[in-house]
There are 2 protein chains.
Amino acid sequence: MQISSRFTIAVHILECIKYFEGKIPVTSDFLSGSIGVNAVIIRRIISHLKAAGLVKVERGRNGVISSRPLDEITLYDVYVAVEAVSSEGLFHFHGNPNPKCPVGKNIHSMLDDSLREIQRVFEEKLKSIKLKDLKSITVDITE
Amino acid sequence: MQISSRFTIAVHILECIKYFEGKIPVTSDFLSGSIGVNAVIIRRIISHLKAAGLVKVERGRNGVISSRPLDEITLYDVYVAVEAVSSEGLFHFHGNPNPKCPVGKNIHSMLDDSLREIQRVFEEKLKSIKLKDLKSITVDITE
DNA sequence: TCCTCCTGTAATATTAATTGTTACATGAAA
DNA sequence: TTTCATGTAACAATTAATATTACAGGAGGA
């Protein structure tokens, strides 16, 4: 399995807003062209970002704009906004361990703390990285 | 998305071996009963564990046995053995960013280092937990 | 030897999630 | 009032995970 590409697409969208805002209207069609993904998918992801308060869309012809300082948004904010992982958590636990077996009866209590802890470390790492910490866009001066 | 239940099932299998080895033959049918998952699924996971050198299966009537000290096996060993995550890594990167767009051209170089670092932290955490670190099986003395 | 238990694996089905596509009603600006 | 874009529904396509049935073949016990 892999974490849904909604996550990297959402970062791509935010970076486009950062780069183009005020210059070009950042519409879903425009984003679709930069990202290489269907415009409807883009709109669905934007509606997640909107619900999370990361961006705004003013109907009309202006496209998406930021609704808080983009640089301070963390990868965790984006990850949560687009529901990159199921609400049940990072690990999928098998559903029917047998309570009549001494191992089956205890497997949850044996593993749950550790799995939660792993997930916590993973999420803390996502929280520690803000958009401003990503490498900046390099310009090829020969162009 | 979620990390495949193959991972928690594999841990369950190893805990069963730890608990029952030498007392009851740990067969795929027996494991299927404890885990609540079809025996063929169990056999497939066992064949992964075998390939990774964590367990042995001697044909005949003895079921699965350990092939190295179970307590020293880390969650990372199990995670890698069962291919809980695609070989491309934890994050699914969208496939066709547009090289003609300054953002599309740079999105990989902007994100890849950070994603690798997050994955590294996640895997280090898995490596830090051995089977012996899991909570032990509790026995209800009223039984 | 023959029977039985078990493994390994193929083939196929089912389910769920992701991603893609078409279509269209509606809002806002020119 | 035309034009451009959004929001969303409906549905298709794809992929991964999981379940199920079936069976050939190894190994031990009778």
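Every chain is numbered from 1, with letters handed out A, B, ... down the list of sequences. Atom set for the values below is all heavy atoms of this structure, side chains included, hydrogens, waters and symmetry mates excluded.
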Would you tell me if any nitrogen or oxygen in the side chain of [X] comes within less than 4.0 Å of OP1 or OP2 on [N]?
X: A:His92; N: C:dA16; value: no
X: A:Arg6; N: C:dT18; value: yes
X: A:Ser4; N: C:dA17; value: no
X: B:Asn38; N: D:dT18; value: no
X: B:Lys50; N: C:dG8; value: yes
X: A:Thr27; N: D:dC4; value: no

I need the [atom1]-[atom2] distance between [X] and [N], as an integer number of Å.
X: A:His48; N: D:dT8; atom1: NE2; atom2: P; answer: 11 Å
X: A:Asp29; N: D:dC4; atom1: CG; atom2: P; answer: 11 Å
X: A:Asn96; N: D:dA19; atom1: CG; atom2: C1'; answer: 13 Å
X: A:Phe30; N: D:dA5; atom1: CZ; atom2: P; answer: 12 Å
X: A:Ile42; N: C:dG20; atom1: CD1; atom2: P; answer: 9 Å
X: A:Ile46; N: D:dG7; atom1: CD1; atom2: C1'; answer: 11 Å
X: A:Ile45; N: C:dA17; atom1: CD1; atom2: P; answer: 17 Å
X: B:Gln2; N: D:dA17; atom1: CD; atom2: P; answer: 12 Å

Legend entry - Candidates D:dT18, C:dT21, C:dG8 - which lies nearest the side chain of A:Ile41: C:dT21
Legend entry - Contact check, side chains of B:Asn96 and A:Val37, non-hydrogen atoms, under 4.5 Å: no
Inset, instruction - Taking the side chain as every heavy atom from C-beta outward, state whether B:Arg68 and B:Ile73 have any atom pair closer than 4.5 Å. - result: yes
Inset, instruction - Under 4.0 Å between any heavy atoms, over every strand shown, what does B:Ser47 touch: base, sugar-phosphate, or nothing? Just pick one. - result: nothing
Inset, instruction - Quick one: label A:Val40 by what it contacts on the DNA or RNA (base, sugar-phosphate, nothing), any heavy atom closer than 4.0 Å. - result: base
Legend entry - Side-chain donor/acceptor contact of A:Arg43 with base of D:dT8 under 3.5 Å: yes
Inset, instruction - Before accepting this row, confirm whether a basic side-chain N of the pair A:Lys18/A:Asp71 lies closer than 4.0 Å to the acidic partner's carboxylate O. - result: yes
Legend entry - Any side-chain donor near an acceptor of the partner, A:Asp29 and A:Ser32, under 3.5 Å: no
Legend entry - Whether B:Tyr79 and B:Phe7 hold their rings parallel, tilted or perpendicular, with breakpoints at 30° and 60°: perpendicular
